[in-house]
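Only this structure's heavy atoms are used, side chains among them; waters, hydrogens and symmetry mates stay out. So you know, we letter chains A, B, ... as the sequences are listed, proteins then strands, and number each from 1. It should be emphasised that the depicted structure is a prediction, and the values quoted were computed from it without experimental measurement.
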Protein chains: 2
Amino acid sequence: MARPRAAAKVSDPGQDELSRKEELIRTAVELFSEHGFKGTSIRDIARHLGISVSNMYHYFETKEDLWLAIQEYSVRWLPDRLEAVWALSADPLERFRLLLRAHLESSGTYQKESRIFMMDQDQISKKGQGKSKQIQKKVLDIYLKHLAALQQAGYLATQQTKILAFNILGVVNWYLRWYKADGPLPAERVFDEIINFILNGAINKDRPTASKPV
Amino acid sequence: MARPRAAAKVSDPGQDELSRKEELIRTAVELFSEHGFKGTSIRDIARHLGISVSNMYHYFETKEDLWLAIQEYSVRWLPDRLEAVWALSADPLERFRLLLRAHLESSGTYQKESRIFMMDQDQISKKGQGKSKQIQKKVLDIYLKHLAALQQAGYLATQQTKILAFNILGVVNWYLRWYKADGPLPAERVFDEIINFILNGAINKDRPTASKPV
DNA sequence: ATCATTATCGAACGATCGATCAAGTGAGGC
DNA sequence: GCCTCACTTGATCGATCGTTCGATAATGAT
């Protein structure tokens, strides 16, 4: 029995035009982000959608392909998006501020997806695992590039740019865990708080070789 | 066949006095921290130790009991240890510095164990899951208490102490992920870097209601 | 109306999971 | 020597895992 048009959800007779493939991905994101890859069976996914397990295999060859499809439309583009920030400004500090905001906004848009790919354990087979690590490595390199520019301009409070990068990424990535969209503060205010914390932590208060005052 | 005395590892005929129970815990920590709870089967653990699966059930009633035993000797004491810092100093800033160092040292001592219990997904049954969340909640409350004291003394750069607490915990917890003991810097130097970053990020540069100058 | 194509299902496969059981083994006390 | 008890094993259980298969129902083009 192929369904007439699309979803035809019980509670939404309107223009809910989600394809099965999209429904599968959406449900998988929900369950993967909550119980992990190994903790979510394809039977769980199928049950939540009210379809059969074999139906899923009509859209994805394996369970891992479903995982990779999620990665494909979400976090895969993060490095490119962050890389593009570099050209937006010539001032290292302002440029870095844009990087942080772009990172927070991108991660926030795909919060659950990002959380999935930050589960560090190699629950996935070699292919998916390598891809995740590769993306994280690219993001780290982008941060190191920005920090090197900041250091050269005398902005940084420390010489250990690698540790600094890890600290910053810790703040940015941790935000994916605790942030709830229904909180009291709008996302923009939260972003400002996080960015100010990071900049205060990284930037030298009294820049010795200052090239641009506040 | 009960083994003669203790481990009697092939490569270590010395005083290697690890009990089976300790061996099981040690191996479980290694595998859990690498592949997660669901990603590690009791057969994996038994195979790594060269024993039978049923042998493990002589020391632990269930797989989850093994997980809880790890929690019992490692992260379970973290809240108490951090709570004890409060009495060590009356100065909010110095006290907070001690808190950060105690947290980093405690987590670092049980790095792999701490990583296990930070895997946020509820891979575990209700009991273990609740315990982990409960510990994390306690730690958060301790930080909020310190931050409230800092705020009252005019030290803080922001009013949003909850977001600030999340940011700080992000840095501290993230360190468990990237730190390798065989790095170029000694642990103490790494701690200093992290603590300075956090303090710079949290503390107001020009305290308005200052009660204690640098 | 016909027919190829797409979408969907129930049943089943072999593998692995956590857990159980009855049976053995050896060390130490008597 | 014997008995007890802690330790260890291989075989096995039922459940669940990811995956496959053959059949069937609906769709769209002609």
Q | Beyond-backbone contact of A/V75 with A/I116, side-chain heavy atoms, under 4.5 angstrom | A |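 Heavy-atom side-chain distance check fails, nothing below 4.5 Å.
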Q. Do B/F96 and B/Y155 make the cut of ring centroids closer than 6.0 angstrom?
A.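 No, the ring of B/F96 stays outside the 6.0 Å limit from the ring of B/Y155, centre to centre.
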Q: Please find out if less than 6.0 Å separates the ring center of A/F117 from that of A/W67.
A: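 That pair passes the under 6.0 Å test.
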Expressed in angstrom and rounded to an integer, what is the separation of [X] atom [atom1] from [N] atom [atom2]?
{"X": "A/N55", "N": "D/dC21", "atom1": "CG", "atom2": "P", "result": "17 Å"}
{"X": "B/H58", "N": "C/dA23", "atom1": "NE2", "atom2": "P", "result": "17 Å"}
{"X": "B/E23", "N": "D/dC7", "atom1": "CD", "atom2": "C1'", "result": "13 Å"}
{"X": "B/I51", "N": "D/dT8", "atom1": "CD1", "atom2": "P", "result": "7 Å"}
{"X": "A/F32", "N": "D/dG18", "atom1": "CZ", "atom2": "C1'", "result": "12 Å"}
{"X": "A/K21", "N": "C/dA7", "atom1": "NZ", "atom2": "P", "result": "10 Å"}
{"X": "A/H35", "N": "D/dC17", "atom1": "NE2", "atom2": "C1'", "result": "17 Å"}
{"X": "B/E22", "N": "D/dC7", "atom1": "CD", "atom2": "P", "result": "13 Å"}

**Q.** No-hydrogen, no-angle side-chain donor-acceptor test under 3.5 Å, B/S33 and B/E113
**A.**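 No, no side-chain donor-acceptor contact under 3.5 Å.
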Restricting to nitrogen or oxygen on both sides, can you table the protein-nucleotides 15-19 of chain C pairs closer than 3.5 Å?
{"residue": "C/dC17", "atom": "OP1", "partner": "B/S41", "partner atom": "OG", "Å": "3.3"}
{"residue": "C/dG18", "atom": "OP1", "partner": "B/K63", "partner atom": "NZ", "Å": "2.5"}
{"residue": "C/dG18", "atom": "OP2", "partner": "B/I42", "partner atom": "N", "Å": "3.1"}
{"residue": "C/dG18", "atom": "N7", "partner": "B/R43", "partner atom": "NH1", "Å": "2.8"}
{"residue": "C/dG18", "atom": "O6", "partner": "B/R43", "partner atom": "NH2", "Å": "2.9"}
{"residue": "C/dA19", "atom": "OP2", "partner": "B/Y57", "partner atom": "OH", "Å": "2.8"}
{"residue": "C/dA19", "atom": "OP2", "partner": "B/K63", "partner atom": "N", "Å": "2.9"}
{"residue": "C/dA19", "atom": "O5'", "partner": "B/Y57", "partner atom": "OH", "Å": "3.3"}

Q. Counting only side-chain N and O atoms of B/R20, is one of them less than 4.0 Å from OP1 or OP2 of D/dT8?
A.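 So the side-chain polar atoms of B/R20 do come within 4.0 Å of the phosphate oxygens OP1 or OP2 of D/dT8, strictly under.
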Q: Kindly confirm or rule out a cation-pi arrangement of B/K21 over B/F60, judged by NZ or CZ under 6.0 Å from the six-membered ring centre and within 45° of its axis?
A: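 So B/K21 does make the cation-pi contact.
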Q) Taking the inter-plane angle between the rings of A/H103 and A/Y143 on a 0 to 90° scale, is it parallel (under 30°), tilted (30 to 60°) or perpendicular (over 60°)? A)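 Taking A/Y143 first and then A/H103, their aromatic rings sit tilted (interplane angle of 30° to 60°).
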